[in-house]
Structure formats: structure tokens, C-alpha cells
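Position 1 is the first residue of the sequence, and the numbers go up from there.
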Amino acid sequence: MKLLNKLYFLLALIIITNSYSQEESLRPIVVEIIPITTFSDPITSSAIIKSRVNAPLFPVSAWTKKNTIGFDLSEIAFVNWNAGGVSSISGLLKGNFTRVYSTEKIKWTNELIVRYGINKQDGFRVRKSDDEVRINSTFGYRKNDDSNWYHSAKFNFNTQFSNGYKYPNTDNAISKPFAPAYTFLGAGANYYDKAKKLDVYISPVTMKSTLVLDQTLANKGAFGVIKATYDAEGNMLTAGKQSKTEIGFLVTNYYKKEVWKNITMENRLSLYSDYANNFGNIDLDWRLQFDLVVNRYVSANIGAHAIYDDDVKTTEEIGGTKVARGPVLQLKQSLGVGMVYAF
């Protein structure tokens, strides 16, 4: 038993010795936290933040378009009307098609205007009341994005669809398609203010061409072309010219604004003077129109159109004899109610 006790004592001593005889002991980690009150050097930081904008599935085009088609109708009928009167009906088909290419520096405006109207009265054949085909194109370039001034070039063309007559004489046409036709081509400066909807074009060099592509009218010297020459017996010596070219000064103005609620005013003005032929005699083409919108598809309009062309001579019949009167101011007034469709 004494030997067993000694063995127990020896085993305990070995365990105790091995437990406390490590060369290194575990030490706690001490972290000292010192508050920062001042910086020796300023700390700056910059970053660029970019907003993420999803790109469109299809690229945005610089072209914009607007198409408008309208039909005006007016009618008056009498049945046993004691005050008298003539029943009549009038119709006007019109269209306006616009294409505009616009960037920060370039603006290219293209416009096609068509109008054709007829009138039918009791006892008379169908008569033409309106007829126009007009193309306007203006190309402008500006160096400064903030400027309203453009270096511009302008092209205008206008003619008609069908023959025109001085009623009631329907045997001899006084005008035909491309007789006349007018073209303007020139370069200058264009002032365009989108906010004020004001467009003014000034061209010191514009070529005006007058086409009379009907030989019968050209022989008469219609619309300012050189007429045919004849000998004493009435034989033609030289045929009339079918064109005339002029170089002159052109100013145009376009202004469109809503003057009252649902009432829009549109003003188009063109002034031209030829350098070589009576400079200072101004050819005028002025159109003023008010559009009254009833709803999306119904509108009314009232307008006036004034033309003065120094090359267009008129005649007056006095006692059965035609007498030359020279150029006069031409006026046309219109009033209509009809359907309008824009797309």
C-alpha cells in the first residue's frame, strides 16, 4: 500500500510540473483608443458621380414631322325665298406637310402646301375657287449654339394644279399648270426665335425664275415673259420666251402665335425687288389667317391673301375693247368651317 501511495504522489507531481513549466504564457491584447481632436494636414476627397441613364432601344432621330389634311365646306340653299338668291355649294381640300431636321447647329425646314377648291352655283358649271401647290425649303447653319442667327439658303416653288379662267369666259385659259410657276433660290441670314415663334429671312442675292410652259400664254407675254413678235401681216417672227430670270433682294417673315385661347394667327410675308428692272418696285405676297379650333377634328378659319407683282399686267374691257391697266393689287378673302386631321 505504501508503494501504491508513492506512485500516486509521483504521478500528481508530474502533472503539476508539466502544467506550470511553459516557456511562453498567453498574454491579453490591449488596444489603446486615443481620441482625434485635430488634423495636421487637411483631408480632402473628390469623386465623380455619374447618373445611370438607360440608352433608348432605338436612336432618337433629328427629324420631326407634321401632316395636316383638312376639308372646308360651305353651302347655301333657297326654296321659295322671296328675297331671292342663288343656291351654291363650295368645297376646299387643303394639306400641309412639314419635315424639320434640327440639331444644335443645323436647322433644315421643308414644307409642302396644297390647296384646291371648287364652287357650284345654280345655272353655272363648276368653277375653281382656289388652286395652289407650294414648296418651301430653308437650310440654316449657326456657329454659336446660343445664337438665333443662321447662315441660310432658301428655295421656294409654287404653281397650280389646273387651268384658270376669267369667268364667265371658259374658252381661253389665263393660267395653266406651270404657267406660271415661280422659283426663288438664294442665300442670306435667317433669324429664328423658337420661344417667340418668329422667323425672319434676309437675302441680298436671290434668283427669281418665272416659268410659262404654255406657248400660247408665252406668246402673249403673260406673267412678264418676253412676248412673241409679228410682222405687219401677222406672221410670227419669234416665239414668246417661256422663262424669265431676275436677281434681286428678298425678305420673308413667318410668325405664328395663339392670340386667344384656341385661336391661332399665322402670318406669311414675302417682299422681293429686282436689281436690274425697276429696283424699288416691290413684289408683295402676304397671307394672314386665323384658325379657330372647335375640337380635335373641327375648326374654322378666316384669312386674307394679297399679291402685287409688277410683271403681271391686267386688262379691262371697255366698250368691247380690251385696254391695258398695268399691275394692280390682287386680293382674296376666305372663310370656312370644316374637318381637320393631323398625324
Side-chain angles (χ1 to χ4, degrees), residues 109 111 113 132-141 149-160 164 174-191 199-231 236-254 267-287 305-316 322-332:
T109 304
E111 185 180 32
I113 301 173
E132 180 182 25
V133 181
R134 184 181 296 269
I135 298 174
N136 301 319
S137 181
T138 305
F139 180 86
Y141 171 80
W149 286 95
Y150 289 80
H151 303 285
S152 298
K154 180 183 283 288
F155 171 78
N156 292 344
F157 170 83
N158 66 84
T159 187
Q160 60 193 52
I174 60 174
S175 64
K176 295 182 179 181
F178 289 91
Y182 298 100
T183 63
F184 292 85
L185 178 62
N190 195 101
Y191 179 85
D199 189 342
V200 178
Y201 172 77
I202 303 173
S203 171
V205 181
T206 293
M207 181 180 68
K208 176 186 176 182
S209 297
T210 303
L211 304 177
V212 182
L213 302 186
D214 179 79
Q215 193 59 57
T216 301
L217 294 175
N219 291 338
K220 297 178 180 179
F223 308 103
V225 298
I226 299 176
K227 62 182 180 179
T229 58
Y230 300 87
D231 60 16
M236 182 181 296
L237 299 177
T238 59
K241 300 292 185 180
Q242 293 188 334
S243 65
K244 179 182 179 181
T245 301
E246 304 170 80
I247 300 294
F249 190 92
L250 175 67
V251 177
T252 66
N253 166 249
Y254 177 78
N267 179 80
R268 295 174 183 264
L269 176 64
S270 175
L271 303 172
Y272 178 82
S273 183
D274 178 31
Y275 287 129
N277 184 23
N278 296 327
F279 181 72
N281 287 352
I282 298 176
D283 294 341
L284 168 72
D285 191 336
W286 181 31
R287 188 193 302 269
H305 191 186
I307 295 177
Y308 179 85
D309 191 339
D310 192 58
D311 295 324
V312 178
K313 312 301 180 181
T314 60
T315 59
E316 182 180 3
K322 291 185 178 181
V323 179
R325 293 181 55 194
V328 295
L329 181 64
Q330 308 169 51
L331 293 173
K332 180 176 67 174

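Applying the salt bridge (Lys or Arg N to Asp or Glu O under 4.0 Å) test to pairs two or more places apart or on separate chains, those with a residue in residues 175-190 are K176-D214.
With respect to the salt-bridge test (charged N to carboxylate O, under 4.0 angstrom), the residues D283 and K208 qualify.
Taking E246 as the reference, nothing meets the side-chain hydrogen bond (donor to acceptor under 3.5 Å, both in side chains) condition, with sequence neighbours excluded. Residues satisfying the side chain to side chain contact (heavy atoms under 4.5 Å, CB included) criterion with N156, sequence neighbours excluded, are N136, K154, F184. With sequence neighbours left out, T229 forms a side-chain hydrogen bond (donor to acceptor under 3.5 Å, both in side chains) with T238. Partners of D199 by side-chain hydrogen bond (donor to acceptor under 3.5 Å, both in side chains), not counting sequence neighbours, listed by chain and number: N190.
Between the side chain of S203 and the main chain of A187, a donor-acceptor pair closer than 3.5 Å is present. Y272 places no side-chain N or O within 3.5 Å of a backbone atom of F249 that could act as its donor or acceptor partner. Side-chain atoms of D274 come within 3.5 Å of backbone N or O of N277 as a donor-acceptor pair. T159 places no side-chain N or O within donor-acceptor distance of the main-chain N or O of P177, the cut-off being under 3.5 Å.
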Solution key, residues 216-226 side-chain donor-acceptor pairs under 3.5 Å, sequence neighbours excluded:
{"from": "N219", "atom 1": "OD1", "to": "Q215", "atom 2": "NE2", "distance (Å)": "2.8"}
{"from": "N219", "atom 1": "OD1", "to": "G240", "atom 2": "N", "distance (Å)": "2.9"}
{"from": "N219", "atom 1": "ND2", "to": "Q215", "atom 2": "O", "distance (Å)": "3.2"}

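For K244, the NZ atom counts as densely surrounded, since its 6.0 Å shell holds more than 12 non-hydrogen atoms of other residues, nucleotides or ligands. Within 6.0 Å of OH in Y275 there are more than 12 heavy atoms belonging to other residues, nucleotides or ligands.
Annotation for P180 and S175: closest pair CD-CB, 4.2 Å, computed over non-hydrogen atoms.
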